[in-house]
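Comments concern the structure below.
Since this is a predicted model, take the numbers as computed values, not measurements. Numbers for residues simply follow the sequence, beginning at 1.
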Amino acid sequence: MKNVYFVQVNDFYGSGRKSTYIPYAVGCIQAFCLQDEVISSRYNFGRIVYCRDNIEDIVNRFSDPFMVLFSCSVWNTEFNKALAQGVKKAFPSCLITFGGHHVSSDLSFLSENPFVDFVVHNAGEEPTAALLRALALGENLEEISNLSFRRKNGSAFTTPILPQTGSDYPSPYLAGIFDDILKDDIDFSIILETNRGCPNACAFCDWGLLKSKVRLFPLERVFAELDWAVNHKIEYIYCADANFCLFGRDEQIIDYIIACNKQYGYPKMFHLNFTKNRAEFVFDVSSKLIKNGLSKAQTIAFQSMNPEVLSNIGRKNMSLENFRSLMRRFSENNIPTYCELILGLPGETYESFSKGLCSLIENGQHFAVYVYPCEMFPNSEISEKGYREKFKIGSTRVPFLLMHTGSEKSPGAVTEYVDIVTSTYSLNKFDWARTFLFACFVQGLHNMGLLRSVAIYCRYALRLSFNEFYEGLIDHAKNSSGSFLSHLYEYIFSLCIGVAEGKNSFVAPSEETNGILWGFEELVYIEVFKSLARFYEEVYFFLLKKFGRTDELNALFRYQFDIIKKIGLKDIVIQSDYDFYSYFNCVYLNSPQPLKKEKISLSVSDPDPVYSLADYARKAVWYGRNRRETDYTGGHYRVEYKNFASSFGE
């Protein structure tokens, strides 16, 4: 029998016990291939390679390989190339096959990498099985769809790229594909598919050009895979469906997951990508997950607030009126939410992006907005030559590093890269960096709580819009030489312009947090927290110049400082002569009321106090970001609120 090996390496997460995703994609392909009697009788499948080990060590573990197949994503393609070259050097006759999201649908990948023999396009099950079968039987490779290879005369050739229609594929979990690697001392998370495909045509997504019909996997398979996850004590499941809640049966799946969790304790988390067009159904399903502790927050993806951008990328958003109403419902039911925006889409400007971001805050999203640089995936419309020329898209290649992984180089360290959009017809590189900095400041200071109370007070009491507040603060920081704010501005801007110029990644380490890589907005928070008193003093004087000294402003800054989670505190008492607690809660419900001068006291109990900056960053900034764990008035904390005016009838 001929030996075949699959490779799908992932990074490990965290700084303690190792955690990573199970190599689901290659497991699916192997399970499908083993259904074929010709393949199962003529090939032996070796242990799946899923760790970034030393390349020479991996090659030495292969025994006379006939073929090694690599699943490529943005986080492992360069490693795969390096390992493939090592395999080819040690075993010159070994056939090398590449596939996955990060190989292009044309001949370019094959042409640029002479050590690659075959490239499988789109989903890998059917063409890979056809390839192995054809090689075993000596059949014509040109009859296999979705395959690139070199003919005997050396010319590169691609067969027709056709959609796949199968839906009853075997499950790699139930087929026992991962039984061997599950013995390793690793905390595995798993991928679950209940369907495959996406009907949308978003230009930035590599599913967009496919415009594929959604294929439903049988419910029996889905439930059996969930049982498998329970039996193997899998804590975290990532659902890879592009549009969960597109189908009514999806609620049955959620009910089954909740029942498993209640009866057996697993899974503990279930992450979803919800459909954009069924708000009521999504609300009901998301509420169930969050109330049962299986999800941290509900995603509301916008990508851009600019109508010109949405037209350019083939996308539609819900109206801001509907968004405002939805946010109120989530807030009334204590359901955390977060919104997503993409920076660098064609048609966006600094002004449109900053105003769009602040419009989300204006309409109720005070706690979590995530801003992602627009990545240029090989099979997305935005990467096509015609699209790039039409919108004058310029890109920058930067190192690809995963947030919240370790910055220390591993034995198998090979730097990965990603191309991101840093200029278009409407945005140059410098303004891209300015926009990224603005987004990082708003996320780190407003969404994560450091200036949320101050900014809201300025909006409703002093009529200073959120956009004016944060633009003014950034401009002040830029021009306040020698101040902490100036240091913060220069540090974050150097990182942002470094991305635009290809000098650094869009994550970076903080020395005090054990080498963990953080997003720039998280670094804003961590840097400020280290100099919290000085930061508030400088922001106070920034506002003092605009509005003068008042008792309300003084009390506001005291309150803002007090509600930020501290290191080493378990029981906290916060007092004020103004009822800021009720004032801000009304704003969070999109029902602002005048501030009352009434004495209040908040007695706060912290269920999980921390005693170092590293633990603070990990638990509050990373794990607790969507649950407002940086803020003592968030739902994570037990707060006893007392209004003395109400108590004594004043």
Minimum heavy-atom separation for I161 and N146, please, with both atom names.
CA-OD1, 3.2 Å
Expected list for residues 61-73: side-chain donor-acceptor pairs under 3.5 angstrom, two or more places apart:
residue: R61; atom: NH2; partner: D53; partner atom: OD2; Å: 3.2

Atom of L110, atom of V116 and distance for their closest heavy-atom approach:
CD1-O, 3.4 Å
For the residue pair Y370 and Y338, is the inter-centroid distance of their aromatic rings smaller than 6.0 Å?
yes
Applying ring-ring contact (aromatic ring centres under 6.0 Å, His included) as the test, list every pair that has at least one member in residues 162-186; sequence neighbours left out.
Y24-Y173, F32-Y169, Y173-F178, Y173-W228
If we ignore angles and hydrogens, is there a donor and acceptor under 3.5 Å between the side chains of S148 and H121?
yes
Could you tell me if the ring centre of F436 sits under 6.0 Å from that of F520?
yes
Quick one: do the S304 and E348 side chains pair a donor with an acceptor below 3.5 Å?
yes
With D117, which of R151, K88, R150 fulfils salt bridge (charged side-chain N to carboxylate O under 4.0 Å, His left out)?
K88
When you measure from the centre of the six-membered ring of Y387, is the NZ or CZ of K385 closer than 6.0 Å and no more than 45° off the axis?
no
When you check the side-chain N and O atoms of S108 and S111, is any donor under 3.5 Å from an acceptor?
no
Say whether Y425 and N312, considering side chains only, have a donor N or O and an acceptor N or O under 3.5 Å apart.
yes
Step-by-step side-chain contact (heavy atoms from CB on, under 4.5 Å) determination, N113 to Q85:
CA-CA 9 Å; N113 298 284; Q85 291 177 81; over 6 Å; no
Go through the side-chain N and O atoms of D187 and Y236 and say whether any donor and acceptor fall under 3.5 Å apart.
no
Please answer whether the main-chain N or O of Y21 pairs with a side-chain N or O of N10 as donor and acceptor at a distance below 3.5 Å.
yes
Any residue meeting salt bridge (charged side-chain N to carboxylate O under 4.0 Å, His left out) with R221, in chain and number order, not counting sequence neighbours
E225
